[in-house]
Amino acid sequence: MDRQSGYLNMFPSVDPGVMQYGSNAGVQSISPYLNVDPAYLNQDSPQWIFPEGASRQRGRFELAFSQIGGAVMTGAFLGGVQGFYGGYKQMGSLEQKASVRRTQFLNHITKRGAGTANTLGVVAVMYSGFGVLFSWLRGVDDEVNTIAAGTATGLLYKSSGGLRKCGIGGAVGLGLTSIYCLWTSKERLKQMFQV
């Protein structure tokens, strides 16, 4: 048995089931099952198919899922960092065995991370819910919906603390969403106020 017909080389270098096209210099292969020349496929167009008459961007409801998940993950990270710092600060003053210190340390990180993740997750659910509701009621998705959703979220989140705290929460929501809208809509604002 010669080297070319051995069990390691039992498949030819060119598969007979694959058609080849093009000139001799630039021969390219195509599967017979596709029966399409890849040169006809436009690779510069977007890879997503949008229904007829639909907008070319994701709506508020679709964005809500990534916003909520991002808020929960950010809260878990920030809470974990706070728990790490608090646990480190407290464990430095206690004289305990290493295993007890490690367990207490992990408890600090886990408890603070979960608490902050839940808080930011609830705020994100409220904000997303209000944003979807306002978009549906008004029929348009713009900066007014964002600012109204932020204000309503602050009002609702602090509503159990009394009228004063409710107003402070609404003002914080209004301020944060206004800053966000100003930051993301800089070009649009320049066009609006350009004389």
Side-chain angles (χ1 to χ4, degrees), residues 42-90 105-195:
N42 185 4
Q43 299 297 326
D44 296 333
S45 65
Q47 298 295 317
W48 306 104
I49 299 173
F50 294 100
E52 195 79 25
S55 68
R56 298 260 179 209
Q57 63 183 8
R58 292 172 31 184
R60 268 234 197 239
F61 187 69
E62 293 171 301
L63 291 174
F65 295 104
S66 60
Q67 289 172 348
I68 294 167
V72 169
M73 295 303 288
T74 302
F77 175 75
L78 293 176
V81 169
Q82 285 178 334
F84 181 83
Y85 178 71
Y88 182 75
K89 194 171 162 184
Q90 185 179 5
F105 194 62
L106 289 174
N107 287 342
H108 276 278
I109 294 171
T110 305
K111 185 175 182 181
R112 184 63 70 111
T116 309
N118 285 338
T119 301
L120 286 182
V122 166
V123 170
V125 167
M126 286 184 201
Y127 171 75
S128 298
F130 280 125
V132 169
L133 178 69
F134 292 145
S135 292
W136 180 72
L137 288 175
R138 294 184 62 230
V140 66
D141 188 19
D142 59 358
E143 288 82 8
V144 174
N145 292 345
T146 302
I147 293 172
T151 305
T153 299
L155 289 170
L156 180 62
Y157 186 73
K158 287 296 186 178
S159 63
S160 63
L163 194 57
R164 183 175 182 273
K165 287 190 177 184
C166 182
I168 291 172
V172 168
L174 174 70
L176 289 175
T177 52
S178 296
I179 291 169
Y180 171 76
C181 286
L182 288 173
W183 180 260
T184 58
S185 303
K186 285 189 272 189
E187 296 299 321
R188 190 168 157 190
L189 289 172
K190 284 180 186 176
Q191 291 174 356
M192 284 173 44
F193 294 116
Q194 199 172 36
V195 177

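Please read all numbers here as calculations on a predicted model, not as lab measurements. Heavy atoms only: backbone and side chains are in, while hydrogens, waters and symmetry mates are out.
In this structure, F105 places its CZ atom where more than 12 heavy-atom neighbours from other residues, nucleotides or ligands lie under 6.0 Å away. Applying the 6.0 Å contact sphere to CG of L137 captures more than 12 heavy atoms from other residues, nucleotides or ligands.
Annotation for N145 and R138: closest pair OD1-NH1, 2.7 Å, computed over non-hydrogen atoms. The nearest pair of heavy atoms linking A71 to A124 is CB-CB, 3.5 Å.
Looking at S66, its side chain does come within 3.5 Å of a backbone N or O of L63 through a donor-acceptor pair. Not a single donor-acceptor pair under 3.5 Å links the side chain of S135 to the backbone N or O of V132.
With values rounded to the nearest 0.5 angstrom, L174 atom CG is found 9.5 Å from I179 atom CD1. Considering OG1 of T151 and CG of L176, their distance stands at 10.0 Å, rounded to 0.5 Å. Here the OG1-OH distance, from T177 to Y127, works out to 7.0 Å after rounding to the nearest 0.5 Å. Considering CD of Q82 and OG1 of T116, their distance stands at 5.0 Å, rounded to 0.5 Å. Atom CH2 in W136 sits 7.5 Å away from atom CG in L133 (nearest 0.5 Å). We find the CD1-CG distance between I109 and L106 to be 5.5 Å, quoted to the nearest 0.5 Å.
Remark: Y180 engages no residue in a ring-ring contact (aromatic ring centres under 6.0 Å, His included) (not counting sequence neighbours).
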